[in-house]
Amino acid sequence: MNDYLARLNPEQREAVETVDGPLLVLAGAGTGKTRVLTTRFAHILLTGRAYPSQVLAVTFTNKAAREMRERVAAIIGGPAEGLWLGTFHALCARMLRRHADLVGLTSSFNILDSDDQLRLLKQVMEAARIDTKRWAPPALMGFIQRWKDRGLPPERVTAAEDTDFAGGRAKELYAAYQARLKALNTADFGDLLLHVTEILRNHPDVLAQYHHRFRYILVDEYQDTNLVQYMWLRLLAQSHKNICCVGDDDQSIYSWRGAEVENILRFEHDFPGARVVRLERNYRSTAPILAAAAGLIAHNEGRLGKTLRPGGNDASGEKVSIVGLWDSAEEARMVAERAAKLREGGHLLADMAILVRTMAQTRAFEERFIAVGLPYRIVGGLRFYERQEIRDAIAYARLIQQPADDLAFERIVNLPRRGVGETAVRAMHDISRARAIPLSAAAGAMVAEGGLRGKARDAVQALLRGFDRWREMLERDGHVTTLATMLDESGYTEMWRQDKSPEAPGRLENLKELVRALADFETLGGFLDHVSLVMENEENSAADRIGLMTLHAAKGLEFDTVFLPGWEEGLFPSQRSMDESGNKGLEEERRLAYVGLTRARRRAIVSHAANRQLYGKWQDSIPSRFLDEIPDAHVERIGSAAMRRERMISAPSVFSGQFPLAARRPRVTEVWEQPARPARADAVPVGARVFHQKFGYGTVTAVDDDKLDIDFETSGAKRVLDRFVERT
DNA sequence: AGGTTAGTAATTTTT
DNA sequence: TTACTAACCT
């Protein structure tokens, strides 16, 4: 009966059983944070303290939300209905739909993604005659987002919070941007939090409803909350104070996005008498890895104080390797060879990952992996809904839902190409502004009044008639049929069928996937929320591949073997972080390093190169200060000392960037054996139809061991390694 | 209207 | 180095 409690250690158990009153759980990396959170959730339900619908559980990512949902279901034996479990944004969207009228929206408002936000802001700036070359829209977007992160609508931006951007007009532009959002009945991501917080603040009756509803509040990754999220939580928790926040100040790596670690300190202040539980027993990593990580993070000041200890009694484990190399190509070679060797020793590639500071670093690894045929997977990049074809399709769907969505209209009015050019669109804008009607209505007026001629006129008329038809169809035949029909009739799918680029087939696949996903939803509106807030990249097969991702993307993940390349001054810690945020920036970089190291269960291999190409220019670099901060006792250094000496006597820096590196290559730092070619079980026969991620579909014309000659449909004949193709 | 070319800027990105 | 934008040509 109580066996779910028996599986916890004493601290975890305390965190689970301290149910009433404010609780702060400081959970180090790998100390069972998720287990505590989910068990606590289940405990609240199983002890009859609340119904599932009376618990509010907040995460940052959809993945975390999904995981919590599954684990809670597992403990309580079956899915719980009516849970308020989700990301800050998804929960706020849900709340805002109910009270949209209180902030001047209707409940069918659309949610804009970052691309739309920027386009809209740019329009606002242009309307205000701001030179967008001198004053970059993304910079202003940054200010606006920061204000929203801090819970500040335009009228509450004080002089102290203001900026001299655009000659002090930033606030005014922010207000204009908000007005446009409202006029279009749309909200951006930041608005979801901002609006709901404003509502809770200004409408005690609404707040009371939620106080009544949510008896318990659980918060994950608390160190990543920004001020408006904190205010939202505080408002919701202020009556019963049954709030439990779980976080780790040492893993705060999103301050540049508005996260404020200070929220942890604020918590103890705002909820006097809050209990604090520390989880310090780590069950993930070996003793040397923990010691290395602890030694590193100890260099940060102003920590809440937490020391990771090995949870098990096994004190053994490989030391952390620190490898010095000549350049990024050699670094990639080292990683590929070590990975291949581990693989031969029976380890799965899927249990290994390369964690880089910047995406630009991935290229060297990709090149090497392709050359030696090591399967890899890039994690991150575009999310499903950020893909061009998905955003286009969504724009069509949004227009059905909401004819006044000008951004969507602008996006697709000439997509596929209909001969509606910039001049025509500008004329529509003029009429739209003059008569205060949406763009689509302005377009209709122009057709009726002869404001457009020839091809453009016919095309716009056909498109508008199409939308009338599709809206009727939505009533009659449902949203799935409608979306599919619309994409066909508008010529959108045809556009990609005609497209000869290798990405086109994949895009058509994605569109199909979108229509498939639509079937899971009752309404088009519910689906649109899902797409913009929740939908993720489909997991690309269960194939055994080594992961390649940024340190940020790796947070919350763990691997047996972790490669940490590029530990060089300027790259990691990043020069820009240090320039912009000084010591705070440096400390956040150090936390990032700490996050990286603590991802490793069994092995961590840190490396640094003496030469690195940045923006096409060769730079020589010195090893990261973080390397010196890892205690020597837990480290095995390979090549780094030699590399440092070599650097001193290497060519003078005036030659940097001008001579090929081979000319100043040092004496061998280490010899890497060529890995044996892994045996293949499944040969691809001549004539097989295959799919390649970069080149698309093709037919095998010849086989030379693991190399295939393939005639690709869109990109011609190529020779590729068999592990990069999938049979279809 | 649409394609081509020259110029410029360049972390990290849970939603 | 690449990738994106704005001016420029057909």
Side-chain angles (χ1 to χ4, degrees), chain A residues 58-67 86-93 111-114 117 122 132-133 136-139 141-142 145 148-149 187-193 220-221 223-226 228-229 251-259 328 355-364 367 379-383 385-386 414 417-425 454-456 459 529-537 549-557 566 570-581 585 588-589 591-593 595-596 612-619 657:
Chain A
V58 202
T59 63
F60 273 85
T61 65
N62 294 299
K63 198 169 152 226
R66 201 183 326 118
E67 197 177 314
T87 63
F88 276 100
H89 295 269
L91 292 166
C92 280
I111 298 167
L112 295 191
D113 60 42
S114 37
Q117 290 173 36
K122 196 172 171 206
T132 52
K133 261 182 271 166
M141 197 74 243
Q145 271 164 358
K148 290 186 178 180
D149 288 342
D188 67 17
F189 284 130
D191 282 341
L192 297 174
L193 265 301
D220 191 16
E221 303 282 13
Q223 76 285 348
D224 289 337
T225 51
N226 59 35
V228 71
Q229 288 161 338
Q251 292 188 67
S252 164
I253 55 174
Y254 282 108
S255 74
W256 51 275
R257 264 182 97 252
S328 54
L355 312 183
V356 294
R357 177 67 246 266
T358 73
M359 270 296 179
Q361 290 172 261
T362 58
R363 230 187 74 196
E367 279 170 6
V379 179
L382 284 188
R383 261 153 291 288
Y385 73 87
E386 283 171 340
N414 198 32
R417 292 262 140 85
R418 300 186 169 91
V420 183
E422 208 186 308
T423 31
V425 173
K455 212 174 143 197
D529 268 12
H530 174 80
V531 176
S532 49
L533 289 172
V534 180
M535 199 147 173
E536 294 177 49
N537 255 339
M549 68 198 87
T550 63
L551 286 157
H552 284 91
K555 190 164 141 216
L557 305 177
L571 177 61
F572 192 38
S574 139
Q575 193 57 51
R576 190 155 163 185
S577 278
M578 294 187 291
D579 290 348
E580 283 173 8
S581 313
E588 181 149 318
E589 295 287 307
R591 291 194 291 269
L592 202 46
V595 166
R612 194 167 288 274
Q613 222 173 359
L614 184 69
Y615 307 142
K617 288 226 168 61
W618 284 101
Q619 320 248 189

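Here the structure is a predicted model, which means the values were calculated and not measured. Note on naming: letters A, B, ... go to the chains in the order of the sequence lines (proteins, then strands), and numbering restarts at 1 for each one.
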Review point. Charged N to carboxylate O under 4.0 angstrom, A:Lys63 versus A:Glu67?
Key: no
Review point. B:dT13 phosphate, OP1 or OP2: any side-chain N/O from A:Arg357 under 4.0 angstrom?
Key: no
Check your understanding: Between B:dA1, B:dT15, B:dT11, which nucleotide has the shortest distance from any of its atoms to the side chain of A:Ala424?
Key -> B:dA1
Check your understanding: Between B:dT15 atom P and A:Phe88 atom CZ, what is the distance in whole Å?
Key -> 13 Å
Study note, to complete from the structure: Between CG of A:Leu614 and C1' of B:dT11 the distance, given in whole Å, is 11 Å
Check your understanding: Separation of A:Met359 atom CE from B:dT12 atom C1', in whole Å?
Key -> 10 Å
**Study point:** Distance test, side-chain N/O of A:Ser577 to OP1/OP2 of B:dT12, below 4.0 Å
**Key:** no
Review point. Choosing from B:dT11, B:dG2, B:dT15, which nucleotide comes nearest the side chain of A:Phe189?
Key: B:dT15
**Study point:** Residue A:Arg417, side-chain atoms from C-beta onward, closest of B:dT13, B:dG3, B:dT11
**Key:** B:dG3
Review point. What is the distance, rounded to the nearest whole Å, between atom CZ of A:Arg576 and atom C1' of B:dT13?
Key: 13 Å
Practice item. Let me know the distance between NE2 of A:His89 and C1' of B:dT15, rounded to the nearest Å. Key: 4 Å
Study note, to complete from the structure: Rounded to whole Å, the CZ-P distance (A:Arg612 to B:dT11) equals 15 Å
Exercise for review: Tell me what A:Glu589 touches on the nucleic acid: a base, only sugar-phosphate, or nothing, going by heavy atoms under 4.0 Å.
Suggested key: base
Check your understanding: Phosphate oxygens OP1/OP2 of C:dA7: is one of them under 4.0 Å from a side-chain N or O of A:Lys133?
Key -> yes
**Study point:** Whole-Å gap separating P (B:dT15) and OH (A:Tyr254)
**Key:** 9 Å
Exercise for review: Compare every heavy atom of A:Val595 with every heavy atom of A:Leu551, then report the nearest pair and how far apart it is.
Suggested key: O-CG1, 4.4 Å
Review point. Do the side-chain N or O atoms of A:Thr61 get closer than 4.0 angstrom to the phosphate oxygens (OP1, OP2) of B:dT15?
Key: no
Study note, to complete from the structure: Whichever of A:Glu580 and A:Glu422 has the more 5' nearest nucleotide on DNA chain B, that residue is A:Glu422
Review point. Stepwise, does the side-chain contact (heavy atoms from CB on, under 4.5 Å) test hold for A:Ser581 with A:Glu588?
Key: CA-CA 9 Å; A:Ser581 313; A:Glu588 181 149 318; over 6 Å; no
Check your understanding: Hey, does the side chain of A:His552 reach the backbone of A:Ile253 with a donor-acceptor pair shorter than 3.5 angstrom?
Key -> yes
Exercise for review: Answer whether the closest heavy-atom distance between the side chains of A:Tyr254 and A:Gln223 falls below 4.5 Å.
Suggested key: no
**Study point:** Side chain of A:Thr423 - closest among B:dT12, B:dA1, B:dT15
**Key:** B:dA1
Revision key, fill the gap. A:Leu533 atom CG is separated from B:dT15 atom C1', nearest whole Å, by 7 Å
Check your understanding: Does B:dA1 have OP1 or OP2 sitting under 4.0 Å from an N or O in the side chain of A:Asn414?
Key -> no
Practice item. Give A:Ser574 one of three labels, base, sugar-phosphate or nothing, depending on what nucleic acid heavy atoms sit under 4.0 Å from its own. Key: base
Exercise for review: Would you indicate, yes or no, if C:dA6 has its OP1 or OP2 atom less than 4.0 angstrom from a side-chain nitrogen or oxygen of A:Lys122?
Suggested key: yes
Check your understanding: Say you pick atom C1' in C:dA6 and the same atom in B:dT11; how far apart are they, in whole Å?
Key -> 25 Å
**Study point:** 5' precedence on DNA chain B between A:Lys455 and A:Tyr615 (nearest-nucleotide basis)
**Key:** A:Lys455
Revision key, fill the gap. Closest heavy-atom pair, A:Ala93 versus A:Asp529, reported as atoms and distance to 0.1 Å, is CB-OD2, 4.4 Å
Exercise for review: Determine the Euclidean distance between corresponding P atoms of B:dT13 and C:dC4; express it in Å to zero decimal places.
Suggested key: 16 Å
